[in-house]
2 protein chains.
Amino acid sequence: MAIEKLDTAIRREQIAEAALDLLGTRGIKELSMAGVGRQVGLVPAGIYRHFAGKDEVLDAVVELIGQRLAANVHLVREEAHDAIDRLHRVLVRHVRFIQENRAVPRIIFSDEMVSGNPKRKARVYQIIRGYLAQVSQIVREGQRSGAIRAELNPKVVSMALLGIVLPGAVLWNLSSGQFDVSDHAEQAWNLLRESISSDTKRNSP
Amino acid sequence: MAIEKLDTAIRREQIAEAALDLLGTRGIKELSMAGVGRQVGLVPAGIYRHFAGKDEVLDAVVELIGQRLAANVHLVREEAHDAIDRLHRVLVRHVRFIQENRAVPRIIFSDEMVSGNPKRKARVYQIIRGYLAQVSQIVREGQRSGAIRAELNPKVVSMALLGIVLPGAVLWNLSSGQFDVSDHAEQAWNLLRESISSDTKRNSP
DNA sequence: GCGTCATGTGAATCTAAAATCACATCGGAG
DNA sequence: CTCCGATGTGATTTTAGATTCACATGACGC
């Protein structure tokens, strides 16, 4: 056995990513220390050198998701300046994010979020609220610039935006990838864009 | 012990309902035959008189959900005849349904749907598609009657409608009931209604 | 070069819950 | 009333996986 010893900081990251990865195809129930260990080249017991237990591994996964979500909005802010354009980009990135991290909706709805560690549940809530707040902020800026109808509730708009993805993710999951989320997201976005834009003309190609 | 013997048809229903109920507060992983048994007044082994195993119990839960969803649309069709009104009622009923059956979104996204029994997964997909098809049908009728813009894709509209609920359900779950889903659904519905209605006037109260 | 501490290992322990089985009892058919 | 199949029970077996522990070994400071 070519034993390779790595620093615990590196291992923690490897393990969190491996776990998130495995959760994409397996499911929290079946996420085993053994499986995670295999993925990073460790024996089950090896994980315990870096995490106190499965619970802590899950915490790390949640943090990883939080980081990636935050990065999404941050990148979009740099890529574009028009509010409508930004919202569209958030949507596109979010779709990609969900596709690349299939586990995310499942974790959010998971058993763990009901009966598991309440601290983790609160943390997830906090992460999502933070994400929504970021999107709401974009909406608010759009309202100030006149691109978005001022009378709308930014929170409702931001939830509607992310709400486009969730039902798509359901069908995508259940159909084992058959359902075309991107396509659906584009169509739903057209509908949403019209209804939030200040100029009221409706385009039908 | 006052042993009460009941017909297997009754027991199957009791058990499915008990399981769906327990899933609301526990989580699939922790749904134990023991727990279900206790709920209906049976010892763990007793369940096996009526179901081959946990897997079959879950199948029964899925069927129960399917029945209730189908009933929703059916009732709405009787209550109202205007398409917009019908859509609104579907939404309201759906919100109530999700609140009374907290387990539903979790089951749809559950581990079981990823790695579990593929037949059950297919069945859930079928149930949801059926539900969406019913809603799409209402949309199509609204388009024929002129109440809903004809150029819209009915499927997108029906997904948007149900998509209002899902993000709300996320926050509702994570906030342990703090988040007001009904209120959010109403606001989001106002936005959606405007964007699908044929008359283009926008009301801001 | 060498000591020591972090990191890694394999075996063993512990636990929860599903599933099975032999036996008990209810309730309707006759 | 009495028998029999359907239903219920408690004890037991099995399994999967988390966790623990005593021991091994690599890497880094000196």
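The analysis underlying the following values was restricted to heavy atoms, covering all of them including side chains, and did not include hydrogens, waters or symmetry mates.
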Visitor: What is the separation between atom CE on Met33(B) and atom C1' on dT9(D), rounded to the nearest whole Å?
Guide: 17 Å
Visitor: Mind checking if Gly46(A) touches a base, just sugar-phosphate, or nothing, with heavy atoms under 4.0 Å?
Guide: base
Visitor: Quick one: is His50(B) getting a side-chain N or O under 4.0 Å of the dG8(D) phosphate, OP1 or OP2?
Guide: yes
Visitor: Would you please test Glu112(B) and Lys29(A) for side-chain contact (heavy atoms from CB on, under 4.5 Å) and show each step?
Guide: CA-CA 9 Å; Glu112(B) 305 294 326; Lys29(A) 176 172 70 183; 2.5 Å; yes
Visitor: For Ile47(A) and dT19(D), what is the distance between atoms CD1 and P respectively, to the nearest whole Å?
Guide: 11 Å
Visitor: Within the 3.5 Å criterion, strictly below it, is a donor on Arg123(A) or Gln126(A) matched to an acceptor on the partner's side chain?
Guide: yes
Visitor: Within the 4.0 Å heavy-atom criterion, would you say Leu31(B) contacts the bases, only the backbone, or no part of the nucleic acid?
Guide: sugar-phosphate
Visitor: On DNA chain D, does the nearest nucleotide to Glu30(A) precede the nearest nucleotide to Val43(B) from the 5' side, or the other way round? Give the residue.
Guide: Val43(B)
Visitor: Below the 4.0 Å mark, does dA18(C) have OP1 or OP2 next to a side-chain nitrogen or oxygen of Lys54(B)?
Guide: yes
Visitor: Other residues, nucleotides and ligands only: do more than 12 of their heavy atoms fall within 6.0 Å of CD on Glu13(B)?
Guide: no
Visitor: Is there a side-chain polar atom (N or O) of Arg11(B) under 4.0 Å from OP1 or OP2 of dG8(D)?
Guide: yes
Visitor: Does Arg77(A) CZ have over 12 foreign heavy atoms under 6.0 Å away?
Guide: yes
